[in-house]
A.B. asks: 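Below you will find the structure I want to go over with you.
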Amino acid sequence: MLQEDEQIMRIGVLTGGGDCPGLNAVIRAVVRKGVATYGHEFVGFQDGWKGPLEGLSRPLGIAEVRGILPRGGTILGSSRTNPFKIENGVERIKENLAAQGVDALIAIGGEDTLGVATKLHELGVNVIGVPKTIDNDLGATDYTFGFDTAVNIAMEAIDRLHTTAESHHRTLVVEVMGRHAGWIALHAGLAGGANVILLPERQFDVDQVAGYVEKRFQHQYAPIVVVAEGAQPLDGQMVLHNQELDSFGHVRLGGIGQWLAEQLEAKTGKEARTVVLGHIQRGGTPTAFDRVLATRLGLQAIDAAHEGDWGKMVAMQSTDIVRVPLADATAELKTVPLERYAEAEVFFGS
Ligand code: F6P
């Protein structure tokens, strides 16, 4: 029910950084509750921070969010634009918000997008943050939507790879996403029964990995090795796709799987191949878990905006959706604790 005497706000919504399944579910929940319960108006900013920076927007009402719940990606588009790396970026954002009569922003993103949101809030912009990333590496929230979908995609791939690896007596190395945090590798590897899982959090000994692989062959099974893109060998470095940095200073990773397969083939004498899952992990329809999480985060985000509780990020803690200071989200990256890795190690090589 709409309440009388409530101040109607015009709220901008944007999605920044790498897309992930569930973004549209957040947008839908924000708009559906925002319009129906509070009577607020919305504007969709396009392509992350590029939208408010360049005044690129599109209408965002109930009609625009119909049917988007199961759709992957984001109807608003995304980018890795960093307004703090652009001359007068903050002033331009403030001017464009004022020109479009926008009172507040709901920013849906990972550490980079929310890092910008935190700074903008400190500079007087009304912002609410919603955490997203397939990597599940944001602090202050137990889970980010997109992660469950990515894990299920990777698990299904591993299930399929077991049978072909066994048929050809090959090692199959599966490279999954995860720059600094190995949550996808850990969960997909555990769920898919991988024989070795390698994470960015702990450097690996390639001879030990070759030992696990040989042991698995002795059991008449073919080994599946899951490696996060950011994993590194002892005394080694991350394998980069190229040296270029994006506007948040990130390198593009890729190649550890191929490197490892070559090493394992040379050390074991058994053929080793690589599968790089890449953006398949980010595409397509979200799982039920991610749809529900994204929807609940969206509902809490519009409540926070309606109450003027600026500078907050909505988060999942246990089974509750809570609000935490935006700065907490990016204060520390949530990596895999070594005791969690030890749980997976029980199954290595067997
Ligand atoms: O942060 C999400 C993520 O998918 C990472 O796992 C990966 O390293 C990165 O984005 C890839 O980004 P891009 O699609 O821009 O290459």
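Every number for a ligand or one of its atoms is a count from 1 in the order of the listing.
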A.B. asks: Using a 4.0 Å cutoff against the non-hydrogen atoms of R80, which atoms of ligand 1 qualify?
C.D. replies: 9 (C), 10 (O), 11 (C), 12 (O), 13 (P), 15 (O)

A.B. asks: Would you check if L293 and I321 make a side-chain contact, meaning some heavy-atom pair closer than 4.5 Å?
C.D. replies: yes

A.B. asks: Would you mind listing which atoms of ligand 1 come within a distance below 4.0 Å of any non-hydrogen atom of G178?
C.D. replies: 6 (O)

A.B. asks: Between the side chains of D135 and R179, is the shortest nitrogen-to-carboxylate-oxygen separation below 4.0 Å, so that they form an ion pair?
C.D. replies: no

A.B. asks: Tell me if a side-chain donor or acceptor on Q203 pairs with a main-chain N or O of L234 at a distance below 3.5 Å.
C.D. replies: no

A.B. asks: Under 4.0 Å from a heavy atom of H279: give me the atoms of ligand 1 that qualify, with their elements.
C.D. replies: 13 (P), 14 (O), 16 (O)

A.B. asks: Test your reading of the model: is there a side-chain donor-acceptor pair from D103 to the backbone of I11, 3.5 Å cut-off?
C.D. replies: no

A.B. asks: Hey, are the side chains of L264 and V209 touching, using non-hydrogen atoms and a 4.5 Å cut-off?
C.D. replies: yes

A.B. asks: Could you list which atoms of ligand 1 come closer than 4.0 Å to a heavy atom of R282?
C.D. replies: 3 (C), 4 (O), 9 (C), 10 (O), 11 (C), 12 (O), 13 (P), 14 (O)

A.B. asks: Can you list the ligand 1 atoms lying under 4.0 Å from a non-hydrogen atom of D135?
C.D. replies: 1 (O), 2 (C), 3 (C), 5 (C), 6 (O)

A.B. asks: What protein heavy atom sits nearest atom 7 (C) of ligand 1, and how far away is it?
C.D. replies: E229 OE2, 3.2 Å

A.B. asks: Between the side chain of Q281 and the main-chain N/O of A154, is any donor-acceptor distance below 3.5 Å?
C.D. replies: no

A.B. asks: Does ligand 1 have a heavy atom under 4.0 Å from the side chain of L253, from its backbone, from both, or from neither?
C.D. replies: neither

